K.L.:
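Below is the structure I would like to discuss, written out as structure tokens.
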Amino acid sequence: MPELPEVETMRLGISQFAGCRIQSVAFPRQSVRPISVTPRPRTIIAKLVGRVIVAVHRYGKRIAIEIAGSECGDATHWLVIEPRMTGLLLVADAPSPQHVRMQIQLSPLFSSVAKASTSPLSQLLFWDRRGLGTVRLLGEPGLLAACGPERLGPDALIVLGSDYSSRLHASIRAIKVALLDQRAVAGIGNIYAAEILFLAGIDPRLPCCRLTGLMWERLATVTRELLAEAVRLKGSTLGDATYRTPNNALGEFQLQHRVYGRQGLPCQACLRPIQRIVQAQRSTFFCPQCQKRSGQSRSQ
DNA sequence: CGTTCAACCTGGGCGC
DNA sequence: TGCGCCCAGGTTGAAC
């Protein structure tokens with residue numbers, strides 16, 4: 001579920017913890033299954049307890065909680081969380097207790113009245129039903145390897161037409177498949193790729209090398225605007241309703257979906273049925289009429 | 001380069 | 001009710 005808008009909503013919802021000290025860390029399912037945690041849970045716990053959260057960052061679809069170094073010279077660390085399909089960061093109660101993967105208790109660094117009244121909740125949970133998510137505690141080299149420019153392209157919220165064209169213009173891959181490549185552009189997933197291409201009027205099957213400069217510009221503009229609107233609406237909570245904001249609110253951008261999950265339903269623009277195809281083992285939804293090869297722009 | 005497949009997991013929905 | 005199957009927001013690595 002979590003793509004850029006959902007992960008950004010998580011970041012905004014837990015950034016209040018900047019300045020808080022970590023009181024305790026637990027990995028409740030540790031004995032049930034070797035969950036994807038590196039290094040070992042006890043090592044993470046030893047390195048985190050007593051430390052202060054400096055800031056909460058987002059790199060593509062990953063959250064990186066910056067942990068201050070200790071006074072005895074220990075370096076800054078980052079707790080990097082990848083929600084993957086069903087992971088959630090929560091400050092509220094978890095939907096089901098058995099899927100809580102990590103539990104962090106926090107105490108305010110300063111017991112100021114303002115802080116106490118604005119953040120009554122001092123617990124941060126990583127909840128993950130399917131358990132495909134990962135938690136890593138990394139130093140600076142690790143952070144760079146996991147979230148640096150070698151791994152992630154420009155953030156989709158600020159991507160430019162020139163970013164797209166310089167990275168993809170020579171590729172023969174279908175544009176929809178390329179949009180899911182985090183090294184090309186960071187943050188787009190299966191839902192938003194479909195929605196972006198519909199709004200840009202571009203056929204998801206079109207090879208990247210056939211897009212014109214004008215189309216790259218339009219694609220970038222639509223990407224930024226659509227994702228910004230999705231962040232404003234706190235992401236998309238689909239039918240199964242697993243996705244929640246950290247405060248347990250539902251997303252609202254699913255009400256704006258034009259093609260995703262709408263196979264067979266009439267296109268809102270032309271009334272022809274939305275089609276579902278499979279590309280790179282993922283569903284692609286699009287309108288064959290509104291998303292002709294070159295969209296509204298003329299191409300050869 | 002690029003694509004395809006399997007794997008990692010749980011659980012909802014469907015047809016029978 | 002239950003069983004078997006297909007599907008799902010993501011990522012990675014092996015094989016071709």
Side-chain angles (χ1 to χ4, degrees), chain A residues 1-10 28-30 32-38 58-63 80-89 94-101 126-136 145-147 150-153 156 167-196 204-210 226-227 230-231 233-245 250-254 256-257 259-264 276-285:
Chain A
M1 118 217 348
E3 305 181 28
L4 185 152
E6 291 77 25
V7 179
E8 178 65 6
T9 301
M10 293 178 200
R29 290 203 72 193
Q30 182 185 352
V32 178
R33 190 177 71 79
I35 61 174
S36 305
V37 173
T38 52
R58 178 184 60 77
Y59 299 102
K61 302 172 190 170
R62 292 153 199 196
I63 291 285
V80 176
I81 298 162
E82 266 189 65
R84 302 257 176 119
M85 296 286 265
T86 51
L88 295 178
L89 286 173
S96 56
Q98 70 269 31
H99 298 114
V100 173
R101 311 292 176 159
F126 180 53
W127 179 94
D128 187 359
R129 196 181 63 193
R130 284 173 73 176
L132 300 177
T134 66
V135 174
R136 287 176 286 179
C147 303
E150 294 280 304
R151 199 98 195 162
L152 300 175
R167 287 157 185 272
L168 297 175
H169 75 92
S171 169
I172 63 172
R173 280 188 296 179
I175 180 60
K176 192 269 189 168
V177 175
L179 286 179
L180 296 181
D181 181 350
Q182 302 300 299
R183 308 170 93 117
V185 56
I188 298 175
N190 211 34
I191 293 177
Y192 294 99
E195 297 299 319
I196 287 165
R205 301 163 294 187
L206 191 66
C208 291
C209 55
R210 304 226 348 240
L226 184 140
L227 291 179
V231 170
L233 293 177
K234 304 184 191 318
S236 302
T237 299
L238 292 185
D240 66 1
T242 57
Y243 167 70
R244 305 292 165 88
T245 72
L250 301 181
E252 293 170 8
F253 190 75
Q254 67 279 4
Q256 311 290 322
H257 288 183
V259 289
Y260 187 85
R262 296 180 54 84
Q263 178 184 15
R276 173 185 179 271
I277 59 174
V278 174
Q279 292 178 287
Q281 286 87 241
R282 317 285 306 273
S283 290
T284 296
F285 300 91

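Being a predicted model, the structure only gives us computed values, none of them experimental. Within every chain, numbering begins at 1; the chains are lettered A, B, ... in the order of the sequence lines, protein sequences first and strands thereafter.
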K.L.:
Can you measure A:Gln182 atom CD to C:dG10 atom P for me and round it to whole angstrom units?
P.N.:
8 Å
K.L.:
How many whole angstroms separate atom CG of A:Leu238 from atom P of C:dG9?
P.N.:
9 Å
K.L.:
Given atom CE of A:Met85 and atom P of C:dC7, what is their separation to the nearest angstrom?
P.N.:
13 Å
K.L.:
Determine the contact category for A:Arg276: base if any of its heavy atoms lies under 4.0 Å from a base atom, sugar-phosphate if only primed atoms, P, OP1 or OP2 are that close, otherwise nothing.
P.N.:
sugar-phosphate
K.L.:
Consider the side chain of A:Glu3, meaning its heavy atoms from C-beta on, and name the nucleotide among C:dT12, B:dT10, C:dG10 that approaches it most closely.
P.N.:
C:dG10
K.L.:
Can you confirm whether or not the ring centre of A:Tyr260 sits under 6.0 Å from the ring centre of A:Phe253?
P.N.:
no
K.L.:
When the P atoms of C:dC3 and B:dC9 are compared, how many Å lie between them, rounded to an integer?
P.N.:
23 Å
K.L.:
Using atom P in both nucleotides, what's the gap between C:dC6 and B:dA6 to the nearest angstrom?
P.N.:
12 Å
K.L.:
Starting the side chain at C-beta, find the nucleotide from C:dG9, B:dG11, C:dT11 nearest to A:Lys61.
P.N.:
C:dT11
K.L.:
May I have the distance from A:Leu132 (atom CG) to B:dT10 (atom P), rounded to whole angstrom?
P.N.:
9 Å
K.L.:
Taking only the side-chain nitrogens and oxygens of A:Tyr260, find out if one of them lies under 4.0 Å from OP1 or OP2 of C:dG9.
P.N.:
yes
K.L.:
If you look at every strand shown and take non-hydrogen atoms under 4.0 Å, does A:Ser283 touch a base, only sugar-phosphate, or nothing?
P.N.:
sugar-phosphate
K.L.:
Just wondering, do A:Asp181 and A:Leu168 contact through their side chains at under 4.5 Å, heavy atoms?
P.N.:
no
K.L.:
It should be established whether A:Arg84 places a side-chain nitrogen or oxygen under 4.0 Å from OP1 or OP2 of nucleotide B:dA7.
P.N.:
no
K.L.:
State the CZ-OG1 distance between A:Arg276 and A:Thr284, to the nearest 0.5 angstrom.
P.N.:
8.5 Å
K.L.:
Between A:Arg151 and C:dT11, is there a contact of a side-chain N or O with OP1 or OP2 at under 4.0 Å?
P.N.:
no
K.L.:
Pick base, sugar-phosphate or nothing for A:Glu6, based on heavy-atom distances below 4.0 Å to the nucleic acid.
P.N.:
nothing
K.L.:
Examine C:dC7: is either OP1 or OP2 under 4.0 Å from a nitrogen or oxygen in the side chain of A:Arg130? Give yes or no.
P.N.:
no
K.L.:
With respect to the side chain of A:Ser171, which nucleotide from B:dG2, C:dG9, B:dT10 is positioned closest?
P.N.:
B:dG2
K.L.:
Do A:Gln254 and A:Ile191 come within less than 4.5 Å of each other through their side chains, counting heavy atoms only?
P.N.:
no
K.L.:
Which listed nucleotide (B:dG11, C:dA8, B:dG2) is nearest to the side chain of A:Arg129?
P.N.:
B:dG11
K.L.:
Going by purine N1 to pyrimidine N3 plus the second Watson-Crick contact, or the G-U wobble pair, all under 3.5 Å, which nucleotide sits opposite C:dG9?
P.N.:
none
K.L.:
Measuring from A:Ile175:CD1 to A:Gln279:CD, what's the distance to the nearest 0.5 Å?
P.N.:
10.0 Å
K.L.:
Determine whether more than 12 heavy atoms belonging to other residues, nucleotides or ligands lie under 6.0 Å from atom NZ of A:Lys176.
P.N.:
yes
K.L.:
Does a nitrogen or oxygen in the side chain of A:His99 sit under 4.0 Å from OP1 or OP2 of B:dC9?
P.N.:
no
K.L.:
In whole angstroms, how far is the C1' atom of C:dG9 from the CD atom of A:Gln281?
P.N.:
17 Å
K.L.:
Rounded to whole angstroms, how far apart are CD on A:Gln279 and P on C:dA8?
P.N.:
13 Å
K.L.:
Output the single nucleotide from C:dT12, C:dG9, B:dC9 whose closest atom is nearest the side chain of A:Arg282.
P.N.:
C:dG9
K.L.:
Need the pair for C:dG4. Rule: Watson-Crick or G-U wobble, both distances under 3.5 Å, any strand; none if unpaired.
P.N.:
B:dC14
K.L.:
Quick one: A:Phe285 CZ to C:dG9 C1', roughly how many Å, whole number?
P.N.:
12 Å
K.L.:
Rounded to whole Å, please give me the gap between CG in A:Leu226 and C1' in C:dG9.
P.N.:
15 Å
